[in-house]
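Input: a single structure, listed below in structure tokens.
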There are 2 protein chains.
Amino acid sequence: MARKPADQSVDREDILWAAAEVLHRNGYEATTMKDIAAQVNLTAASLYHHFKNKDFLLLNVLEVGLDLTIDKLERIDASKLSCAEKLSAMIRSHVVSVTGNVAVGAAMVFEIRALLNVSVGAKNSDESFTREFVARRNQFFARRDYFEGLFRNIVRAGIEAGEFREVDAAIVTKAMLGAHNWVGVWFKEGGRLSGEAVADVMVDTWLAALGR
Amino acid sequence: MARKPADQSVDREDILWAAAEVLHRNGYEATTMKDIAAQVNLTAASLYHHFKNKDFLLLNVLEVGLDLTIDKLERIDASKLSCAEKLSAMIRSHVVSVTGNVAVGAAMVFEIRALLNVSVGAKNSDESFTREFVARRNQFFARRDYFEGLFRNIVRAGIEAGEFREVDAAIVTKAMLGAHNWVGVWFKEGGRLSGEAVADVMVDTWLAALGR
DNA sequence: CCAAGAATCAAATGACTGTTCGATTATAGG
DNA sequence: CCTATAATCGAACAGTCATTTGATTCTTGG
């Protein structure tokens with residue numbers, strides 16, 4: 001190997017977080033490779049040493065963000081808490097994740113469509129790039145469904161256990177995730193409420209909505 | 001005046017709806033003037049006869065969408081219903097609006113950031129264009145806050161009237177709107193539930209969340 | 001200290017896009 | 001039937017951006 005100095009060199013992760021921030025500010029299409037590079041004191045060309053291209057870079061940001069969130073949720077899911085307690089913990093975890101890294105949280109909301117609009121179209125030469133991208137993108141969406149399923153399953157289990165009232169679990173879950181995602185849009189560090197406090201309100205709200 | 005034939009000629013409104021659809025599919029930055037024009041069988045150049053430029057076109061789409069929604073909400077707000085009844089009607093109205101025109105509904109979520117990223121920057125020649133745009137954009141955001149206030153005020157009023165339990169009205173309102181906005185992201189015509197049915201679930205959910 | 005590869009950059013490329021301009025066509029009112 | 005003007009288009013412009021290429025500069029294992 002070679003070159004991994006103190007200040008100039010940055011690794012994949014650094015670029016990923018930088019990209020998330022710029023993406024949060026500008027949106028995918030309005031974000032240039034130059035913008036991202038500038039955020040880590042590189043030139044656009046250098047980014048191609050770390051990522052195949054802009055699309056893969058975006059996909060990577062989303063993958064990392066989703067993985068972090070899912071990881072915490074799975075730990076809660078595996079615990080021996082009641083459904084209501086599990087749901088509370090999951091809501092808190094999700095909301096705190098979003099408020100703790102608004103850049104990634106917002107990316108999960110806003111940039112997903114950009115993912116769909118990628119040149120599956122036509123002319124682009126490299127067939128192999130496209131194939132790999134489509135495969136990973138599908139995998140991402142599957143993982144996103146899995147993420148939603150984690151919440152939906154708890155809601156269903158709670159209903160069956162008699163802890164929650166009988167609701168349309170699928171719709172209520174989507175409503176819940178919509179509310180959480182939206183937090184990434186309006187939350188500002190240093191506002192009236194901390195991320196934890198917002199999470200508390202959300203927990204209270206959804207337990208009331210599901211309460212018997 | 002002149003030329004307003006049967007098939008070839010389209011008016012501002014036609015372009016507005018077409019733009020909303022393309023915007024919904026692609027997002028602002030990824031949407032080209034050519035795309036929008038194609039949707040109404042025009043060339044990109046022709047669009048400039050109806051709109052000053054791309055930014056004003058986007059702004060127009062959002063303005064129309066917001067006005068339509070606010071109009072219905074104000075009528076409900078002016079009625080003599082109880083707070084719970086008003087809130088139910090407003091939720092139903094909002095959700096039905098979103099499901100009834102997903103294109104506009106999604107634009108209200110996704111394209112707003114594009115509005116913020118408009119070249120208030122520098123070089124652009126026409127000072128007057130920029131000034132007018134900034135003014136109208138600020139007005140739009142003010143109107144959007146007003147829209148949120150309509151919901152928030154009912155929640156507050158309901159709490160004071162003892163119809164709702166005591167919650168953080170600001171946060172709960174944002175949660176509510178987040179849930180509704182998200183509907184525009186996942187709702188598909190012809191799915192398991194109609195727009196009305198989804199609206200019913202939302203009403204039920206939020207009344208439960210606020211119920212004493 | 002050397003050699004191999006990692007990390008970086010400057011410059012060039014090719015494609016696409018918003019926008020303008022001048023010309024053309026169609027329409028409604030006189 | 002004219003004519004002013006609304007609506008449209010083709011072509012060209014200027015700018016931006018993702019990406020490639022080839023060279024250059026570190027860094028480290030041997």
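Everything numeric in this text was worked out from a predicted model, so none of it was measured. Atom set for the values below is all heavy atoms of this structure, side chains included, hydrogens, waters and symmetry mates excluded. Letters A, B, ... are given to chains in the order of the sequence lines, protein chains preceding strands, and every chain is numbered from 1.
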* To do: Nearest whole angstrom, please: distance from the C1' of D:dA18 to the CZ of A:Phe56.
  => 15 Å
* A:Met33 side-chain proximity, nearest of D:dA18, C:dG18, D:dT8 -> D:dA18
* Asked: B:Ser46 near the nucleic acid: base, sugar-phosphate alone, or nothing, with a heavy-atom cut-off under 4.0 Å?
  -> base
* Over how many whole Å does the gap from A:Glu13 atom CD to C:dA7 atom P extend? -> 15 Å
* To do: Using only heavy-atom distances, determine whether the side chains of B:Glu21 and B:Trp17 contain a donor-acceptor pair under 3.5 Å.
  => no
* Structure fact -> Rounded to whole Å, CG of A:Asn26 lies from C1' of D:dT16 at a distance of 15 Å
* Under 4.0 Å between a Lys/Arg side-chain N and an Asp/Glu carboxylate O for A:Arg143 and A:Glu74? -> no
* Test side chain to side chain contact (heavy atoms under 4.5 Å, CB included) applied to B:Thr31 and B:Leu57, B:Leu23, B:Leu58, the passing residue -> B:Leu23
* Asked: Pairs in or reaching into residues 174-189 of chain B: which pass salt bridge (Lys or Arg N to Asp or Glu O under 4.0 Å), with residues at least two apart or in two chains?
  -> B:Glu148-B:Lys174
* Once you round it to whole Å, what is the distance between P of C:dC16 and CG of B:Asp35? -> 12 Å
* What is the nucleic acid contact for B:Thr43, judged by heavy atoms within less than 4.0 Å: base, sugar-phosphate only, or nothing? -> base
* Nearest to the side chain of A:Tyr48, which nucleotide is it out of D:dT8, C:dG18, D:dA18? -> D:dA18
* Among the candidates D:dT8, D:dA18, C:dT19, find the nucleotide nearest to the side-chain atoms of B:Leu42. => D:dT8
* To do: Rounded to the nearest angstrom, tell me the gap between atom CD1 in B:Ile15 and atom P in D:dA7.
  => 10 Å
* To do: Nearest whole angstrom, please: distance from the P of D:dT8 to the CG of B:Leu47.
  => 9 Å
* DNA chain D: A:Ala30 or A:Ala45, which has the more 5' nearest nucleotide? -> A:Ala30
* Distance test, side-chain N/O of B:His50 to OP1/OP2 of D:dT8, below 4.0 Å -> yes
* Asked: Is any side-chain heavy atom of B:Met176 closer than 4.5 Å to a side-chain heavy atom of B:His180?
  -> yes
* Asked: In whole Å, what is the span from the NZ atom of B:Lys54 to the P atom of C:dG18?
  -> 4 Å
* Would you say a side-chain N or O of B:His49 is under 4.0 Å from OP1 or OP2 of D:dT8? -> no
* Structure fact -> In whole angstroms, the gap separating C1' of C:dT17 from OH of B:Tyr28 amounts to 12 Å
